[in-house]
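Shown next, in C-alpha cells, is the structure this report addresses.
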Amino acid sequence: MFPTFDDCTVSMNFRSLLRERLTAALAGLAPEAELSSLAELVVPSQDPKFGDYQINCAMALGKSLKRPPREVAQELVNRLKVDDFCNPPEIAGPGFINLKLKDDYLVGLLAAASGDERLGIAPVARKKQYIVDYSAPNVAKPMHVGHIRSSVIGDSIYRTLKFQGHNVVGDNHIGDWGTQFGMIIYGFKHFRDDAAYRADPVAELSRLYRLVNQLVGYFEAKEELPKLRQKLEYATAALAAAKNVAPAGDKNADKKNAQALKKAESDVKSATEAVGEVEKKLAAIDGDAALSALAAKHSRIGAASLEETAKLHSGDEENLKLWREFMPPCLEALEETYRRLHVTFDETLGESFYHDRLAAVVEFYEQKGLARESDGALCIFLPGQDVPMLIRKKDGAFLYATTDLATIQYRMERWKPDAVLYVVDHRQSLHFEHLFAAAKLAGYEGCDFRHISFGTVLGKDGRPYKTRSGDTVGLKGLLDEAVERAATIVAENDERNPEGPQLSADERRRVAETVGIGALKYADLSQNRTSDYEFSYDKMLAMNGNTATYMQYAYARVRSIFRRGGVDAAALRAKNVSIVLGTPAERNLALGLLRCEEAIELSTADFRPNQLTTYLFELANYYSTFFEQCPVLKAETSELRDSRLMLCDLTARTIKLGLSLLGIDVVEQM
RNA sequence: GCCCUCGUAGCUCAGUGGAUAGAGCAACGGUUUCCUAAACCGUAGGUCGUUGGUUCGAUUCCAAUCGAGGGUACCA
C-alpha cells in the first residue's frame, strides 16, 4: 500500500536527501570543486506557495556559466531525479526551483516513524567522542541564577548529542579546591555555630563563607577606597578640562573633543559608581557594632584565608580533614538541585581531582620552552595575544588556567575526544582563547575545543538579575518561585474547568513542579544562547508563545483525546492505519512531524538548543490549528478518525521526545 | 588604549547569502450547544543603528562609524 523505498529514500531528512539528488544532478554541469557548496543551497521554503523546499543554486550557477539562470534551472530540473518523492519541480522568479513533497511519500514516512522507538530519526553516520563541560558551580557557595544557563544548556547539548548516537561524557568541573575553601575553613575555625552546623551543615558553611567573604571584602575596600577616590578626582578634573575646551572650528578636532568629553563623562560615572559600591561595603560593616568588632579582631583575615587555602593544598592534616568533612554535604546539596532540575553528569571531576597533576603540567610547558617567567610569574605567551596566560603565580601557587590545562591533558589521555565543549559564560572568552591556543601548543591539534558561550540573565532594568537589595538570586528560591507561580495557575485553571476540578492535590503539585521547572529551563533554552535575556516569570509561564507551558499543553490536549476516546495508543500503532492528509492543517502537521531530525541536526550544528525550541513551537502551533479544525473522535469516518489519531499520537511522541532533549518533562493532564 | 559581543515592530526576542523580514506581549476585531478557550483566527505596526564595499541577490559576509554591554598579568 505504501510506495517502497530504496535505502536512499527512507529518510525523513529531506534536506540531506535533496542535497544528494542535487549533487547528482549538478555533476557534469558545475565544476567539481563547487558541487558541495552549490548543493548546500537547498533550504526549506519560507512560504508554502513556494512548496516545501527550494533549490537556490541556479542563479549562482547561471552567473559562473554565463547562461540565463532560468535556463540553468530548467536544465537542473531536467537532470534532477526526485519524482519518487516530489511533485514535478517548478521554476519561479529569477531561477528558484520549488519542490513539494508527495503526500503518499509523507504518509509512508509517518507510518515508518510510528513503528519506530526513535520516530524514524536515524543516528548519525559518523559517531564522535564528545566531552561536555557544564554547570561547574563552586561547592563553597550555594548555586545562584548564574548557574542556570550553563547547567541547562549544557545538559540539553549533552542529551541531544547522545540521542544522535554520539559518545558523550558529561563532566561537572566543580570548584572544590579554590580560595573559597580557605575562607570556609577560616570561618569554621573562628566563627562557627556548632548547633547550626549540626542542624544544617551546608547552610552554616554558606553563612560562614558569606561572612568571611564580607570581611575580606571590607579590608580590600578599605585599601581600595583612597585609590578609587583619587581616580574619581582625576576623572572629575579631566571632565572639567574637557568641558573648557573651546570649539576649534576644525571639524576633526571638534569631533575629537566631543569624544574626549564623552569619555570623560563616562569615566566619572563609572568612578562614582565604583566609589559608591566600595563605600556601601564599608558602611555595612562600620554601621554594625557586632561586625565591626569582628573586623577589628580579624584584620588579617584576607591573608589568613589564603594561608588556609595554601595549607590545604600542601596537605595540612587538619585542613584536609575539614575539607573531607565538608565535601559530602556540599555535594549532596548540589545533587538535590540537579535532581530537581533533571540535570545529570557522567563525571564530577572537580579542581581537587587535578591537584596532583598541576606541577607536572607546569613542568611540561616550561621544559618545552613554551612558558617563561615574567615579573616572577610563569607565563605562556601566545601568538597574537598581548596578554600572557599565567600558569604559576609569583608566590608559587597555581591558577585556574593551570587546572584547565591539566584537565585537558587528563581528558585527552582518558577519552581521546574529538571535541570538548565548554559551556561557560561569554565573559571568559579570553581565557578560553588562551587555553585552546595553549592546548594546541601542547600538541592537541586534532581535538575541536569549543567555548559554548552564553549571555547574562538580566532583570527588568537591563542589568544582571539581582534581588531588590542587590544580592544574587539563589537558584533554589528561583525554582521555588517558578513552581509556586505554576501551582497558582494550575489551581486556577482546574477550578475553572466547566466539568469541575479534575486534579487531586497531589496531581496538582506534580503538574506545578513539572510546569514550573520546565518553564524556567525552556525560557533559557529558547533564547539564542549568545545573547543576554530578560528574566520574567510571567513570560516564561505564559500559555501563548514559545514556552514550555504551551508545548506541555499541546501534549496534554493530545493525551486527553486518547483518554476521552478510550483509545489505546499502542493498539492503534499496531493497526496498520492509513493516514490521510486531506486538509492543509493535517499536511502541515505531518510535514512538521517529519522535520524533527532536521531540527535536531540544526540544533547540534552550532550547539544551539533554541533551534530545537523554535521547531517545537512551530510543531505545537500546527497541532493547535489542527486541533481547532479537525475533529478527531468525531471525524466523519472511522478511517479518518484513525488517521487523525495517528497524527495525534505522533505529535505527542514528537513533543515528548523534543522536550526530553531539552531536559523537560510532560504531564498527561494539566 | 586594545580585544570580544550586541544594535531587527511600542516592549521582549527569533531569523540558515535568497522571493513580500517573523513570533509572543501590548493595541484593535472575531470564534465556545464541538476532543482542555491555559486555545484558535484576523487587523495594524519595520529606514533590520548609519555609511560604504563584496555579490546575480545582503538583516545575514567585509570595512568604517555611532551607540550599549563585557573582557583586558598573578580571583575563578
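Note that these values count all heavy atoms, side chains included, but never hydrogens, waters or copies made by symmetry. By convention in this document, chain letters (A, B, ...) are assigned in the order of the sequence lines, proteins followed by strands, and residues within each chain are numbered from 1.
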Exercise for the section: Describe the nucleic acid contact of A:Q611 in one word from base, sugar-phosphate, nothing, applying a heavy-atom distance below 4.0 Å. Expected result: sugar-phosphate
Fill in the blank from the handout: Closest of B:A14, B:U20, B:A38 to the A:K49 side chain is B:U20
Problem - Check: A:D176 side chain, A:V139 main-chain N or O, donor-acceptor pair, under 3.5 Å - result: no
Problem - Under 3.5 Å on both distances, the Watson-Crick or G-U partner of B:U55 - result: none
Exercise for the section: Please report, rounded to the nearest Å, how far the P atom of B:U72 is from the CE atom of A:M389. Expected result: 15 Å
Practice task
For B:C6 and B:G49, measure between their P atoms and round to the nearest Å.
Solution key: 12 Å
Handout entry: Strand partner of B:U31, provided both Watson-Crick or wobble distances fall under 3.5 Å
Key = B:A39
Problem - Derivation of the side chain to side chain contact (heavy atoms under 4.5 Å, CB included) call for A:E366 and A:R392 - result: CA-CA 11 Å; A:E366 207 171 10; A:R392 192 181 62 212; 4.1 Å; yes
Exercise for the section: Provide, to the nearest angstrom, the distance between the CG atom belonging to A:N621 and the P atom belonging to B:A14. Expected result: 18 Å
Problem - A:E534/A:K539 salt bridge by N-O under 4.0 Å criterion - result: no
Practice task
Indicate whether OP1 or OP2 belonging to B:A14 is found under 4.0 Å from a side-chain N or O atom of A:R529.
Solution key: no
Practice task
Kindly say whether, by distance alone, the side chain of A:D425 makes a donor-acceptor pair under 3.5 Å with the base of B:A76?
Solution key: no
Exercise for the section: May I ask you to evaluate whether A:R557 reaches the phosphate of B:A38, defined as a side-chain N or O under 4.0 Å from OP1 or OP2? Expected result: no
Problem - From CA spacing to verdict: side chain to side chain contact (heavy atoms under 4.5 Å, CB included), A:Y422, A:H173 - result: CA-CA 10 Å; A:Y422 294 83; A:H173 190 76; over 6 Å; no
Exercise for the section: Could you tell me whether A:R372 sits above the aromatic face of A:F381, with NZ or CZ closer than 6.0 angstrom to the six-membered ring centre and within 45 degrees of the axis? Expected result: yes
Exercise for the section: Among the candidates B:G67, B:A39, B:U16, find the nucleotide nearest to the side-chain atoms of A:V43. Expected result: B:U16
Practice task
Classify the ring geometry between A:Y400 and A:H431 as parallel (under 30°), tilted (30 to 60°) or perpendicular (over 60°).
Solution key: parallel
Problem - Under 4.0 angstrom between A:N528 side-chain N/O and B:G15 OP1 or OP2 - result: yes
Problem - Under 4.0 angstrom between A:R608 side-chain N/O and B:G15 OP1 or OP2 - result: yes
Handout entry: N/O (side chain, A:S624) to phosphate O (OP1/OP2, B:C40) under 4.0 Å
Key = yes
Exercise for the section: Report the relative orientation of the aromatic rings in A:Y550 and A:F617; use parallel for angles under 30°, tilted for 30 to 60°, perpendicular for over 60°. Expected result: perpendicular
Handout entry: Assigned partner base of B:A26, Watson-Crick or wobble definition, under 3.5 Å
Key = none
Handout entry: Proximal nucleotide (of B:G1, B:U72, B:C13) relative to the A:V387 side chain
Key = B:U72
Practice task
Kindly point out which of B:A19, B:A73, B:C66 is positioned nearest to the side chain of A:C379?
Solution key: B:A73
Practice task
Name the nucleic acid region contacted by A:A401, choosing base, sugar-phosphate or nothing; use a 4.0 angstrom heavy-atom cut-off, strictly under.
Solution key: nothing
Exercise for the section: With heavy atoms under 4.0 Å as the rule, sort A:V632 into base, sugar-phosphate or nothing. Expected result: base
Exercise for the section: For B:G46 and B:A23, measure between their C1' atoms and round to the nearest Å. Expected result: 15 Å
Exercise for the section: Could you tell me whether the phosphate oxygens of B:U12, OP1 or OP2, come under 4.0 Å of any side-chain nitrogen or oxygen in A:Y537? Expected result: no
Problem - Row check, A:F627 ring normal vs A:R557 NZ/CZ: under 6.0 Å, within 45° - result: yes
Exercise for the section: Would you tell me if any nitrogen or oxygen in the side chain of A:N610 comes within less than 4.0 Å of OP1 or OP2 on B:G15? Expected result: yes
Problem - Watson-Crick or G-U wobble partner of B:G7, both distances under 3.5 Å - result: B:C66
Problem - OP1 or OP2 of B:U12 under 4.0 Å from side-chain N/O of A:K460 - result: no
Problem - Whole-Å P distance, B:A64 and B:C3 - result: 9 Å
Handout entry: Value in whole Å for how far the C1' atom of B:A38 lies from CD of A:Q669
Key = 14 Å
Exercise for the section: Could you tell me whether A:N98 contacts a base, only the sugar-phosphate backbone, or nothing, with contacts defined as non-hydrogen atoms closer than 4.0 Å? Expected result: base
Handout entry: Whole-Å gap separating C1' (B:C3) and CG (A:D386)
Key = 7 Å
Handout entry: Nucleotide B:C35, atom P - distance to CD of A:E668 in whole Å
Key = 19 Å
Problem - Carboxylate-amine/guanidinium proximity below 4.0 Å for A:D425 and A:R427 - result: yes
Exercise for the section: Decide yes or no, distance alone: a donor-acceptor N/O pair under 3.5 angstrom between the base of B:A19 and the side-chain of A:Q54. Expected result: yes
Practice task
Could you please name the option among B:C56, B:C40, B:A14 that lies closest to any side-chain atom of A:E628?
Solution key: B:C40
Exercise for the section: Please check the phosphate of B:A14 (OP1 and OP2 only) for any side-chain N or O of A:S531 closer than 4.0 Å. Expected result: yes
Practice task
Report yes if a side-chain nitrogen or oxygen of A:T625 is closer than 4.0 Å to either non-bridging phosphate oxygen (OP1 or OP2) of B:C41; otherwise report no.
Solution key: yes
Exercise for the section: Counting heavy atoms from C-beta on, name the nucleotide in B:U16, B:G18, B:A39 closest to the side chain of A:F96. Expected result: B:G18
Exercise for the section: Establish whether the base of B:U72 is bridged to the side chain of A:R427 by a donor-acceptor pair shorter than 3.5 Å. Expected result: no
Practice task
Among the candidates B:A76, B:U12, B:A14, find the nucleotide nearest to the side-chain atoms of A:E534.
Solution key: B:U12
Exercise for the section: Spell out yes or no: do the side chain of A:S526 and the base of B:A14 have one donor N/O and one acceptor N/O closer than 3.5 Å? Expected result: no
Problem - Per-pair stack call A:F627 and B:A39, 5.5 Å, 30° - result: no
Problem - B:A38 pyrimidine/purine six-ring stacking with A:Y550, under 5.5 Å and 30° - result: no
Practice task
Let me know the distance between CG of A:L65 and C1' of B:C56, rounded to the nearest Å.
Solution key: 13 Å
Problem - Short side-chain N/O contact to B:U20 OP1/OP2 from A:Q46, under 4.0 Å - result: no
Exercise for the section: Look at all strands and tell whether A:Y533 reaches a base, only sugar-phosphate, or nothing, counting heavy atoms closer than 4.0 Å. Expected result: sugar-phosphate
Handout entry: Nucleotide of B:U16, B:A73, B:G18 approaching A:S374 most closely (side-chain heavy atoms)
Key = B:A73
Exercise for the section: Remember a base hit wins even if backbone is also touched, and classify A:L633 as base, sugar-phosphate or nothing at under 4.0 Å, heavy atoms. Expected result: base
Exercise for the section: Report which part of the nucleic acid A:C57 touches: base, sugar-phosphate, or nothing (heavy-atom distance under 4.0 Å, all strands). Expected result: nothing
Handout entry: Closest to side chain of A:M59, choosing from B:A23, B:G18, B:C13
Key = B:G18
Exercise for the section: Side chain of A:Y553 only, please: which of B:G70, B:A38, B:C35 is the nearest? Expected result: B:A38
Problem - A:K63 NZ to B:G17 P, straight-line distance once rounded to whole Å - result: 21 Å
Practice task
Let me know the distance between NZ of A:K539 and C1' of B:U12, rounded to the nearest Å.
Solution key: 4 Å
Handout entry: Phosphate OP1/OP2 of B:A39 contacted by A:N544 side-chain N/O (<4.0 Å)
Key = yes
